Every structure is written in C-alpha cells, then in structure tokens.
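Below, all heavy atoms of this structure are taken into account, side chains as well, without hydrogens, waters or symmetry copies. Counting starts at 1 for both ligands and their atoms, in listed order. Keep in mind it's a predicted model, so treat the numbers as computed, not measured.
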Amino acid sequence: MIIIKSQHEIELMREAGKVTGYLLKELENFIRPGLSTADVNDFVENEIAKAKMIPTFKGYGGFPAGACVSVNDEVVHGIPSKKRILMEGDIVTVDTGATYKGWASDAARTYPVGKISPEAQQLIDVTRQSFFEGIKCARVGYRLSDIGHSIQTYAEGFGYSMIRDFVGHGIGQNLHEDPQIPNYGKPGRGPRLAEGMVFAIEPMVAMGRYDVEVLENDWTAVTADGKLSAHYENTVVIHDGEPELLTLCK
Ligand code: MG
C-alpha cells in the first residue's frame, strides 16, 4: 500500500531532505584523493549531527554507518573503511539520509575523485540526467512504471545498462515503503500517481552489464564484470504539476 503524506508530514520530510541535500552539495568540495571512505562517512555523520537529526542508514538492517560509500565498480552499500583510500581517477558514490522527527530522507550522488576519464564523467552525467528524464513522469496523471521506463530509455541510449537488483522505493516514516520503483520496464503499468506520494527515485547505471555480485561482507554489491557504476537519487514529492525534490540543494 502506498502511504499518502499530509502537508504537515511533507513539511517534516522537507526539513530532513534539506540537510541531506546540503551535505551532498558540500561533499562536492570535500571529496579528494587521499581521503578514506571512512573520512567521507565522518563528514556525513557530522553534518547530520550538527543539524540535530538522525542518520537514517545507521543501524538500518544492521548497516554500520550513516552513509554508503561505494567506489568504482561498487554499485551500492559500500561500507566506509579507514583502509579504503580514494585515488585520483576513482568515482565514488555517497548514498545517505537524515531523519527528522521520525521522517526520513534518502539521496545519492556519484562524485569524481580528482581528475577522471571522460568516459567516467559521461557515466556520471548520464546517470544524473536519467533521473531528470524519469521525473518528467513523476506527477499526477502518469503511472508508476512510466518513471522507470523513461530512465531506462535515456540511459540505455548511451549503451549503458540499468542495475536491476536494486530499485527506488516509497519513503516516509520508513526508509523503504511501497511501492518498489524499478529503473526499467514497460510504460503505462502500476498504480496511478497521486498528490502526496513520496518516492526515492534512484537510477543506478552500469557502464557494462547489469549483473551484480554481493561481497563477503554481505552488503557491498559490485558489478559482476568489474566495470564502473554510478547512482543518482533524490526524495521526490508527487504533485499535480512539477514534482518537488526534497534533497536537491542548488
Ligand atoms: Mg534509496
């Protein structure tokens, strides 16, 4: 069942989303070669603590940190570590969220570490743009699958593939609520979108094939072919008109 949020509830999610969007923006200046993925997580947790909010991911399903920090072929759920050092030319995805008065937010970005290859930059840019293609359908009058179909059509146009094992989702008092939102599929399927639905829409795009494997830590998913993967996500409110992006700080 898709839970419709009231104006008041959306207001609380707006506050949570603002902190998440702000810290992801700040990470653009913070991320550089030589940092560990634990340093990146510390930055995130510190920003959330300064805002007196709760790191949504910490302890969720047993996840040990406030942010997932995933490098290169790691698709999602990278566990921050002091031993994993970011190198010039890497790409790194930070997926995180702040919770305010019990209301969650969830967003992700992939960042270049120093100077990266044009191919890696294109993957990041196309992944981001696929989100914006998808949300053209994230409004009253469309069906749920129209979002994923638009994302897929755009990203596959560049020869990339959509990760299938992880999907977008409803969000509210729980980080993961109904519905699931695959980043692929036929248009015109699934529930009709209604005012007050709130979704985490999150294309994950692979440069090669979409198959993933989970590492021995039981969390981190990597592309099976070892090629790069990028991610872009915002928490989105459905309206009768332009969708509202709660976690995008311009
Ligand atoms: Mg998410």
Salt bridge (charged side-chain N to carboxylate O under 4.0 Å, His left out) contacts touching residues 6-19 (sequence neighbours left out)
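Sorted result for residues 6-19: E11-R14, R14-E244, E15-K18.
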
Using modelled atom types only, decide if a donor and an acceptor are shared between the side chain of E45 and the backbone of A65 within a distance under 3.5 Å.
no

Can you check whether S150's main-chain N or O pairs, donor with acceptor, with E133's side chain at less than 3.5 Å?
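Checking the backbone N and O of S150 against the side chain of E133, no donor-acceptor pair under 3.5 Å is found.
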
I'd like to verify the contacts: list protein N, O or S atoms under a distance of 2.8 Å from the Mg ion (ligand 1).
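Hits for the Mg ion (ligand 1) below 2.8 Å: D106 OD2, H169 NE2, E202 OE2, E233 OE2.
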
Just wondering, more than 12 heavy atoms not from Y22 lying within 6.0 Å of its OH?
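Counting other residues, nucleotides and ligands, OH of Y22 stays at 12 neighbours or fewer.
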
Cationic tip of R164 above F166 ring, under 6.0 Å, 45° of axis:
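No; the conditions do not both hold, so R164 does not lie above the ring face of F166.
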
Among side-chain atoms of H169 and Q180, is any donor-acceptor pair under 3.5 angstrom?
no

